Amino acid sequence: MERRTIVRVVGAFALSTLGACNASYAPPIRATHYGMPGRLSSGQGEVAIAAAGPHNRGSASVALPVARRLTVEGTYDGAENFHIGSLGLRGTIPLGGPWSLDLEGGLGAGVGGERCGNNTDVTVTCAAGQADGLGVFDRFAYGAYLGAGVGLRPWRYVGFFARARTQVSAATGAPVTGWGSAVAGVEFRAGPVRPYLAGGAFVMTNSAHTESNGIVELGLSLPFTVWR
């Protein structure tokens, strides 16, 4: 009985490893999040960078004000298996006192994703069907995202925030994929920059796989004044 149990455990581990190596998904449009809502004053833009794990994800963005509490954001998000550019809007709503809320949304496109782990052997099959031999740069990817954040700044130089985002994406040969994530963190005012640290979790789901994992994220913003 003990030997059968060991065999079952080893077999289950092997199947799970095989599934992980033969993943099929369309990539996220936004790979990282954002820090404190309302960190920009009226007429300000910003340059921001962020890095997150797992999967060594990162982003770089530029935001410009288009109205008193509205900015337009151009962002590059990337990792080993995707490279996406997006354009979106972020609107900030003061909630009174130290509280603030922002809403975000946008569209993006680029390359990336996987089918059967991007196996070059087209005879290989996986949960999504048969491998197509395409690589990361052979897959056109596109999608949309929506998100919201709430922030509390009890002190001038420290603020706390929570964020949630939902995304849907498609890519050549990959199943349409939904992404959901939520993080909470702390942001500081350190001279001219705004560093933040956040943690949370994400879930990815499509017709072939469902996966969830934790998130650790570090970001930095440099605001600048466009008009006063």
Side-chain angles (χ1 to χ4, degrees), residues 28-53 57-79 82-110 142-167 179 181-200 202 215-228:
I29 302 305
R30 295 299 310 274
T32 66
H33 295 79
Y34 189 84
M36 183 76 184
R39 67 185 177 193
L40 301 181
S41 301
S42 179
Q44 279 193 320
E46 67 180 335
V47 176
I49 57 173
R57 295 170 286 128
S59 67
S61 65
V62 176
L64 295 173
V66 293
R68 184 179 179 186
R69 295 189 177 95
L70 184 68
T71 59
V72 60
E73 298 177 344
T75 306
Y76 161 78
D77 289 84
F82 61 87
H83 303 275
I84 303 291
S86 64
L87 189 67
L89 292 173
R90 183 179 305 278
T92 301
I93 305 170
L95 298 179
W99 294 91
S100 59
L101 170 75
D102 75 14
L103 304 174
E104 62 172 0
L107 302 172
Y142 60 94
Y145 68 91
L146 289 171
V150 62
L152 168 66
R153 189 178 293 280
W155 306 290
R156 177 178 175 83
Y157 296 102
V158 181
F160 304 94
F161 64 89
R163 294 196 164 276
R165 181 187 287 147
T166 182
Q167 309 182 62
W179 299 82
S181 59
V183 297
V186 57
E187 182 174 292
F188 304 94
R189 290 187 178 184
V193 299
R194 309 286 188 267
Y196 76 85
L197 177 64
F202 78 88
I215 299 171
V216 177
E217 184 171 318
L218 178 66
L220 184 72
S221 165
L222 175 62
F224 57 86
T225 299
V226 178
W227 68 70
R228 295 186 183 277

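Residue numbers run from 1 in the order of the sequence given. Nothing here was measured: the structure is a model prediction, and the numbers come from that model. Side-chain atoms are counted along with the backbone in the values below, which use heavy atoms only and exclude waters and symmetry mates.
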Exercise for the section: State, with a plain yes or no, whether a side-chain heavy atom of Ser100 is found less than 4.5 Å away from one of Pro94. Expected result: no
Problem - Tyr76, OH atom: more than 12 neighbouring heavy atoms under 6.0 Å - result: yes
Practice task
Name all residues meeting the side-chain contact (heavy atoms from CB on, under 4.5 Å) criterion together with Ala67; count only those two or more places apart in sequence or in a different chain, and write none if there are none.
Solution key: Leu70
Problem - With Tyr145 via side chain to side chain donor-acceptor pair (under 3.5 Å) - residues at least two apart - result: none
Problem - Residues that Thr32 engages under side chain to side chain donor-acceptor pair (under 3.5 Å), provided they are two or more places apart - result: Ser59
Problem - Inter-residue atom distance Phe82.CZ - Asp77.CG, 0.5 Å rounding - result: 7.0 Å
Problem - Contacts of type side-chain contact (heavy atoms from CB on, under 4.5 Å), residue Leu218, not counting sequence neighbours - result: Leu197
Exercise for the section: Please collect all side chain to side chain donor-acceptor pair (under 3.5 Å) contacts where either partner lies in residues 215-228, sequence neighbours excluded, each pair once. Expected result: His33-Glu217, Glu46-Ser221, Tyr196-Glu217
Exercise for the section: For residues Phe161 and Pro37, report the shortest heavy-atom separation together with the two atoms involved. Expected result: CB-CD, 3.8 Å
Problem - Expected output: side-chain Arg194 to main-chain Arg189 donor-acceptor under 3.5 Å - result: no
Fill in the blank from the handout: side-chain contact (heavy atoms from CB on, under 4.5 Å) filter on Pro195, not counting sequence neighbours, yields Phe188, Ala190, Val193, Leu220
Practice task
Return yes if some donor-acceptor pair links the side-chain N/O of Gln167 with the main-chain N/O of Arg30 below 3.5 Å, else return no.
Solution key: yes
Problem - Pairs where residues 84-96 contributes a residue and the test side chain to side chain donor-acceptor pair (under 3.5 Å) is met, not counting sequence neighbours - result: Glu73-Arg90, Arg90-Asp102, Arg90-Glu104
Problem - Interatomic distance, Tyr142 atom OH to Leu107 atom CG [nearest 0.5 angstrom] - result: 12.0 Å
Problem - Taking every non-hydrogen atom, the tightest pair across Leu40 and Pro223 - result: CD2-CB, 3.8 Å
Fill in the blank from the handout: Between Ser181 and Ile215 the two heavy atoms that sit nearest each other are CB-CD1, 4.2 Å
Exercise for the section: Could I get the full list of side-chain contact (heavy atoms from CB on, under 4.5 Å) partners for Val72, not counting sequence neighbours? Expected result: Leu64, Val66, Leu87, Leu89
Completion exercise
Test side chain to side chain donor-acceptor pair (under 3.5 Å), reference Tyr34, set Glu187, Arg165, Arg39, Arg163, output is Arg39
Pairs under 3.5 angstrom only: tabulate donor-acceptor contacts from the side chains of residues 148-159 to other protein residues two or more places apart or in another chain.
none

Handout entry: Between CD1 on residue Ile49 and CG on residue Leu222, distance to nearest 0.5 Å
Key = 10.0 Å
Problem - Value rounded to 0.5 Å, distance of CD1 in Ile93 from CH2 in Trp99 - result: 15.0 Å
